[in-house]
Amino acid sequence: RLNTWESLTTGIAQQAKGVIAPKEKTPFITFVLGGPGSGKGTQCIKIVETFGFAHLSAGDLLRREIASKSADGAMILNTIKEGKIVPSQVTVKLIQKEMELSDNHKFLIDGFPRTEENRVSFEQILSEWQSQIGVEPNVVLFFDCPEEEMVKRVLNRNEGRVDDNLETIKKRLTVFQALSLPVINYYSEKGKLYTIKAIGTEDEIFEQVRPIFAAFETVG
Ligand SMILES: Nc1ncnc2c1ncn2[C@@H]1O[C@H](COP(=O)(O)OP(=O)(O)OP(=O)(O)O)[C@@H](O)[C@H]1O
Ligand SMILES: Nc1ccn([C@H]2C[C@H](O)[C@@H](COP(=O)(O)O)O2)c(=O)n1
Ligand SMILES: [Mg+2]
């Protein structure tokens with residue numbers, strides 16, 4: 001049988017030829033974007049519970065590389081400590097591998113793409129895989145949260161992350177404004193962006209998220 005990655009690329013080729021891919025195999029890709037501490041991971045857990053997605057957090061995959069002392073581990077650690085963005089080929093490779101291994105066809109890709117370079121790299125690997133067709137996510141969620149609230153949440157997170165300190169948070173916020181907002185604007189212009197007001201309780205925020213995915217389930 002086709003694995004998800006094969007069916008993903010086959011699906012793209014079939015769509016290009018005007019052939020409809022089998023419904024259960026068509027991949028559904030959601031990018032989850034927002035500043036540091038905006039609540040992406042927290043809401044992803046709820047989306048997984050309610051809608052059965054596979055959750056791929058780019059940050060978690062990078063932290064796993066650090067923990068496993070892989071060849072890129074030291075570079076990734078330094079980059080994260082500095083609040084900067086890891087080169088796209090490293091991150092995209094990790095995401096691609098997880099997608100290949102997954103039996104699911106619905107993906108929540110959390111914290112990615114963080115830059116235009118991330119975005120283009122992801123499209124490139126898909127188009128290199130088969131034919132010259134790029135791929136777009138089905139949904140892009142943007143958790144829009146005031147900076148003051150994001151700083152407060154990150155400083156209270158208490159998960160032992162090396163980047164949860166005031167100095168690194170300031171750098172991450174600057175990087176978010178400079179490099180991630182253009183990606184968010186790109187998807188807004190493409191009509192793919194769903195902006196969530198990321199203040200209030202976790203449940204209140206999820207009630208803004210729920211109808212987005214519920215609508216796709218109905219359309220089927
Ligand atoms: N609505 C909320 N109100 C208050 N605290 C929240 C809310 N949502 C999440 N939090 C808390 O804020 C912290 C950051 O949330 P989370 O880890 O989900 O953010 P994130 O967007 O994934 O951040 P990062 O980009 O740094 O990974 C966590 O400690 C989480 O429990
Ligand atoms: N696409 C990505 C995602 C994450 N990183 C690095 C830099 C981030 O500050 C850090 C933590 O990510 P988070 O858990 O907050 O999503 O990981 C990156 O370089 N590229
Ligand atoms: Mg997170």
Side-chain angles (χ1 to χ4, degrees), residues 29-49 55-67 72-96 98-99 107-123 125 137 140-184 195-209:
I29 296 180
T30 299
F31 289 152
V32 184
L33 305 180
S38 57
K40 301 180 293 298
T42 303
Q43 292 298 320
C44 280
I45 292 169
K46 292 178 177 290
I47 298 166
V48 167
E49 281 167 6
H55 178 205
L56 310 185
S57 157
D60 286 350
L61 294 173
L62 292 168
R63 284 184 284 274
R64 196 170 75 188
E65 288 299 288
I66 299 171
D72 290 322
M75 176 278 290
I76 296 171
L77 176 60
N78 286 332
T79 308
I80 288 181
K81 273 187 187 163
E82 282 302 308
K84 293 183 179 160
I85 303 297
V86 173
S88 295
Q89 77 265 20
V90 173
T91 315
V92 166
K93 207 187 292 170
L94 296 172
I95 294 171
Q96 179 183 352
E98 290 300 302
M99 291 177 81
F107 297 101
L108 278 179
I109 307 187
D110 167 5
F112 182 95
R114 283 282 228 281
T115 62
E116 281 290 293
E117 193 211 20
N118 268 185
R119 180 181 71 72
V120 171
S121 297
F122 189 79
E123 285 181 8
I125 52 149
V140 180
L141 294 183
F142 168 41
F143 289 94
D144 189 13
C145 192
E147 281 199 2
E148 203 183 81
E149 175 69 15
M150 292 195 278
V151 171
K152 200 168 80 184
R153 288 184 191 172
V154 167
L155 291 179
N156 284 332
R157 180 154 46 187
N158 229 356
E159 288 177 5
R161 281 177 51 162
V162 293
D163 52 350
D164 281 356
N165 59 78
L166 194 54
E167 197 188 336
T168 310
I169 293 161
K170 282 183 184 162
K171 291 178 183 164
R172 295 179 70 200
L173 287 170
T174 305
V175 166
F176 174 71
Q177 292 282 339
L179 302 181
S180 304
L181 277 183
V183 179
I184 290 163
T195 300
I196 308 295
K197 288 191 180 67
I199 37 174
T201 66
E202 294 174 13
D203 286 344
E204 282 167 350
I205 294 165
F206 186 64
E207 289 314 314
Q208 295 176 63
V209 173

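Throughout, residue positions are numbered sequentially from 1 according to the sequence presented. Note that ligands are numbered from 1 as they come in the structure, with each ligand's atoms numbered from 1 the same way. What you see is a predicted model; the values in this text were computed from it and never measured.
Remark: Leu77 CG to Glu82 CD distance equals 10.5 Å, nearest 0.5 Å. Taken from CZ in Phe176 to CD1 in Ile169, the straight-line distance is 14.5 Å, to the nearest 0.5 Å. Note that CZ of Arg172 is 6.5 Å distant from CG of Asp164, once rounded to the nearest 0.5 Å. In this structure, the separation between CD1 on Ile29 and CD1 on Ile95 is 10.0 Å, given to the nearest 0.5 Å.
Considering all non-hydrogen atoms of both residues, Glu117 and Ser88 come closest at OE1-OG, 2.8 Å. Nearest heavy atoms, Pro146 versus Ile199: CD-CG2, 3.7 Å. Closest heavy-atom contact between Pro36 and Met150: O-CB, 3.1 Å. Nearest heavy-atom pair, Gly200 versus Ile205, reported as atom, atom and distance to 0.1 Å: O-CD1, 3.7 Å.
When heavy-atom distances to ligand 2 are checked against a 4.0 Å cut-off, Val86 comes that close through both its backbone and its side chain. Proximity of Asn118 to ligand 2, defined as any heavy-atom pair under 4.0 Å, is confined to the side chain (atoms from C-beta onward). Heavy atoms of Asp163 found under 4.0 angstrom from ligand 2 belong exclusively to the side chain. Contacts of Ile205 with ligand 1, taken as heavy-atom pairs under 4.0 Å, involve the side chain alone. Only side-chain heavy atoms of Arg161 come within less than 4.0 Å of ligand 2; its backbone N, CA, C and O stay farther off.
Note on ligand 1: Gly59 sits outside its first shell, no heavy atom being nearer than 4.0 Å.
Here the protein heavy atom with the shortest distance to atom 20 (N) of ligand 2 is Ile85 CG2, 3.8 Å. The protein atom (non-hydrogen) at minimum distance from atom 23 (O) of ligand 1 is Gly37 N, 2.9 Å. Closest to atom 7 (C) of ligand 2, if we only count protein heavy atoms, is Lys84 O, 3.3 Å. With hydrogens left out, the protein atom closest to atom 17 (O) of ligand 1 is Arg157 NH1, 2.8 Å, a heavy atom. At the shortest separation from atom 15 (O) of ligand 1 among protein heavy atoms lies Thr42 OG1, 3.6 Å. The single protein non-hydrogen atom nearest to atom 19 (O) of ligand 1 is Gly39 N, 3.2 Å, given as residue, atom name and distance. The protein heavy-atom contact nearest to atom 12 (O) of ligand 2 is Arg114 NH2, 3.2 Å.
For ligand 1, the polar-atom distance check finds an N/O of Gly200 within less than 3.5 Å of one of the ligand's N/O atoms. At least one N or O atom of Arg172 sits closer than 3.5 Å to an N or O atom of ligand 2. Note: no N/O pair closer than 3.5 Å links Asn156 and ligand 1 by distance alone. Between Gly111 and ligand 2, at least one N/O pair is under 3.5 Å apart. Where the criterion is an N or O separation shorter than 3.5 Å, residue side chain and backbone included, Asp60 fails it with respect to ligand 2. Considering backbone and side-chain atoms together, Val154 places no N or O closer than 3.5 Å to any N or O of ligand 1.
For atom 5 (N) of ligand 1, the nearest non-hydrogen atom from the set Glu159, Arg63, Gln43, Arg153 comes from Arg153. Between the choices Thr79, Leu62, Asp110, the shortest heavy-atom distance to atom 5 (N) of ligand 2 belongs to Leu62. Among Glu202, Glu149, Glu204, the residue whose heavy atom lies nearest to atom 8 (N) of ligand 1 is Glu202. Closest heavy-atom approach to atom 22 (O) of ligand 1 among the candidates Gly35, Ser38, Gly34, Gly41: Gly41. For atom 20 (P) of ligand 1, the candidate residues are Met150, Arg114, Lys40, Arg161; the nearest heavy-atom contact is made by Lys40.
Under the 3.5 Å distance criterion, the side-chain polar atoms of Thr79 are matched with a main-chain donor or acceptor of Met75. Between the side chain of Glu204 and the main chain of Thr201, a donor-acceptor pair closer than 3.5 Å is present. A donor-acceptor pair is defined here as one N or O able to donate and one able to accept, closer than 3.5 Å; no such pair exists between the side chain of Ser38 and the backbone of Asp144. Lys40 contributes a side-chain N or O that, together with a main-chain N or O of Gly34, makes up a donor-acceptor pair within less than 3.5 Å.
Residue Glu116 places its CD atom among more than 12 non-hydrogen atoms of other residues, nucleotides or ligands, all under 6.0 Å distant.
Near Arg63, meaning under 4.0 Å from one of its heavy atoms, ligand 2 places the atoms 11 (C), 14 (O). Atoms of ligand 1 found under 4.0 Å from any heavy atom of Arg172 (numbered from 1 in listed order, with element): 24 (P), 25 (O), 26 (O). Applying the 4.0 Å criterion to heavy atoms of Thr201 picks out, from ligand 1, the atoms 1 (N). Taking every heavy atom of Pro36 and a limit of under 4.0 angstrom, the matching atoms of ligand 1 come to 25 (O), 26 (O). For ligand 2 and Phe112, the ligand atoms under 4.0 Å from any heavy atom of the residue are 1 (N).
In this structure the side chain of Val183 never reaches within 4.5 angstrom of the side chain of Asn118, judged on heavy atoms. A 4.5 Å side-chain heavy-atom check between Ile109 and Met99 finds at least one atom pair inside the cut-off.
Lys197 is linked by a side chain to side chain donor-acceptor pair (under 3.5 Å) to nothing, counting only residues two or more places apart in sequence or in another chain.
When each of Ile196, Thr42, Ile47 is checked for a side-chain contact (heavy atoms from CB on, under 4.5 Å) with Phe206, only Ile47 meets the rule.
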